[in-house]
K.L.:
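I have a structure here, written as structure tokens, and I will follow up with some questions on it.
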Amino acid sequence: MPRPIQARIDLAALRHNYLLAKKPLTGQREQARAWAVVKADAYGHGLLRTASALADIADGFALLEPEAAVALRDAGFRQPILLLEGFFEPEDLAVCAEYSLIPAIHRIEQLQLIRAAALPVRLPIYLKLNTGMNRLGFTLDQLPAVKAELASSSAIGPVTLMTHFAEADGERGIAWQMERFSRIGQGWNCPVSMANSAAILRYPQTAHDWVRPGIMLYGGSPFADASAASFGLRPVMTLRSRILAVQTIAAGERVGYGGTFVAEQPTRVGIVACGYADGYPRHAPSGTPILVAGQRTTTLGRVSMDMLACDLSRLPEAGVDSTVVLWGEGLPADEVAAAAETISYELFCALARRVPVLEV
Ligand SMILES: *Cc1c(COP(=O)(O)O)cnc(C)c1O
């Protein structure tokens, strides 16, 4: 007799979204290859589930947990695997060689460590260029040393240049980083990987050789001002539950911890089997959208650990056992995220272990 909450993962939608990320550029003969970004347990969707669903179409998998990369190999995946944060300990290098993992390299010492590791194979690498995100990567003044190290080392295999956009989803866009990239990357003559979901959708000219779609695979929009559906993306995760109880409260009564919602009129309150211990954001305020029996309404009061409340006053046909959609099919996770002042990435990643997953 399981609790009624459930996360449904739509594998066909996942495949649809991946192929959309790979859609060739108009007028360009060759299409970019796409790393399916499956870090953070595939944004909460399940690493092996996601990889299996994409197995016959994915060009490669990108993630950053080395043990997850090894798990993919152990499960039989043969595609290239990119470690987005590279290796963390010198011992990881033997693992990279044994399991054919491509590390992103962002500090000169890492090249020296690769040389010192005397691996049995030349290690292919992604060279991370810092074009303005200012988290990881080489800047223009560091590149002569990198070039010298590469020239004197036979430990490194093919090099791909990568950079990451900081504001592809915002007003400032990508032109400023593209300009820096073309200066830093001048004369390298290597394959290039730069586009995340926002760049793929808004600046397809950044696709180059390999794109790196993450959130769009899972049907989330990287933009605050454009819905996923407007790009043809389909939701993958639907968090569903049911109404456990209905309370009809008088004006002046309050709902939940802290009594943050005060009824201004008699109100029919539905109690939903879902709380922050399931991954629903505790900071979602009263008024966050929620779907009950296929109809939109709003949450009321504070989210508890295992329950939350919603307004059924205008949904007379809804009652105990009515189906509730917290996000997903019929209610974009992006809208719920916006109401909670976060992004769909965080909602997906927060899905709790205790929520049973059903693949559809
Ligand atoms: C997470 C990540 C991506 C994917 O980003 P989305 O916004 O989810 O598409 C791409 N590249 C790097 C380096 C990342 O860390």
Side-chain angles (χ1 to χ4, degrees), residues 14 17-23 32-45 47 50-51 54 58-66 68-69 80-88 101-107 125-138 160-170 172-174 177-178 181 191-204 206-228 231-233 235-237 333-334 337 342-351:
L14 182 68
N17 295 340
Y18 177 81
L19 292 174
L20 212 135
K22 265 183 67 94
K23 232 166 75 178
R33 283 180 289 173
W35 295 106
V37 179
V38 292
K39 63 189 177 188
D41 199 29
Y43 291 46
H45 292 67
L47 173 68
T50 299
L54 299 176
D59 301 313
F61 296 107
L63 37 60
L64 44 82
E65 306 86 348
I81 296 180
L82 171 62
L83 292 176
L84 292 164
E85 275 181 10
F87 65 98
F88 301 102
L101 311 178
I102 306 170
I105 299 301
H106 56 89
R107 285 187 298 123
I125 61 165
Y126 264 47
L127 209 56
K128 182 136 189 181
L129 306 184
N130 177 5
T131 55
M133 175 69 106
N134 292 323
R135 295 190 309 193
L136 301 179
F138 299 103
T160 301
L161 295 185
M162 84 181 276
T163 196
H164 195 46
F165 293 123
E167 302 181 45
D169 59 324
R172 200 169 168 214
I174 52 134
Q177 276 184 278
M178 292 290 275
F181 185 89
V192 166
S193 173
M194 40 173 58
N196 55 3
S197 298
I200 292 166
L201 294 169
R202 207 158 260 181
Y203 308 103
T206 62
H208 289 280
D209 303 284
W210 282 86
V211 294
R212 302 191 305 272
I215 193 67
M216 69 180 291
L217 299 182
Y218 308 102
S221 170
F223 306 109
D225 58 356
S227 71
F231 297 102
L233 296 168
V236 176
M237 180 195 293
D334 296 306
T342 182
I343 50 179
S344 58
Y345 299 68
E346 194 180 10
L347 299 190
F348 296 150
C349 289
L351 182 73

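Scope of the values below: all heavy atoms of this structure, side chains included, with no hydrogens, waters or symmetry mates. We count ligands from 1, going down the list as the structure has it; atoms in each ligand are counted the same way.
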K.L.:
Output, in order, the C-alpha distance, side-chain angles, deciding distance and verdict of side chain to side chain donor-acceptor pair (under 3.5 Å) for H164 and R212.
P.N.:
CA-CA 10 Å; H164 195 46; R212 302 191 305 272; 3.1 Å; yes

K.L.:
Would you name the heavy atoms of G220 and L233 that are closest together and state the gap between them?
P.N.:
O-CD1, 3.9 Å

K.L.:
Walk me through it: do Y218 and T50 pass the test side chain to side chain contact (heavy atoms under 4.5 Å, CB included)?
P.N.:
CA-CA 10 Å; Y218 308 102; T50 299; 3.9 Å; yes

K.L.:
How far apart are the C-alpha atoms of T160 and D209, what are their side-chain angles, what is the distance that settles it, and do they pass the side chain to side chain contact (heavy atoms under 4.5 Å, CB included) test?
P.N.:
CA-CA 9 Å; T160 301; D209 303 284; over 6 Å; no

K.L.:
Considering M194, K39, R212 one by one, which has a heavy atom nearer to atom 14 (C) of ligand 1 than any of the others?
P.N.:
K39

K.L.:
If we only count N/O pairs under 3.5 Å, is I215 in contact with ligand 1?
P.N.:
yes

K.L.:
Which protein heavy atom lies closest to atom 12 (C) of ligand 1, and at what distance to 0.1 Å?
P.N.:
H164 CE1, 3.4 Å

K.L.:
Given Y126, Y43, Y345, W35, which has its nearest heavy atom closest to atom 4 (C) of ligand 1?
P.N.:
Y43

K.L.:
Would you check, one step at a time, whether the test side chain to side chain contact (heavy atoms under 4.5 Å, CB included) holds for L101 with F87?
P.N.:
CA-CA 10 Å; L101 311 178; F87 65 98; over 6 Å; no

K.L.:
Taking 4.0 angstrom as the limit and counting only heavy atoms of N196, give me the atoms of ligand 1 inside it, by number and element.
P.N.:
5 (O), 9 (O)

K.L.:
From I125 CD1 over to L83 CG, what is the distance, rounded to the nearest 0.5 angstrom?
P.N.:
12.5 Å

K.L.:
Taking 4.0 Å as the limit for heavy-atom contacts, which would you say applies to L84 with ligand 1: side chain only, backbone only, both, or neither?
P.N.:
side chain

K.L.:
What protein heavy atom sits nearest atom 9 (O) of ligand 1, and how far away is it?
P.N.:
S197 OG, 2.5 Å

K.L.:
Could you say whether the N/O atoms of G214 and ligand 1 ever approach to under 3.5 Å?
P.N.:
yes

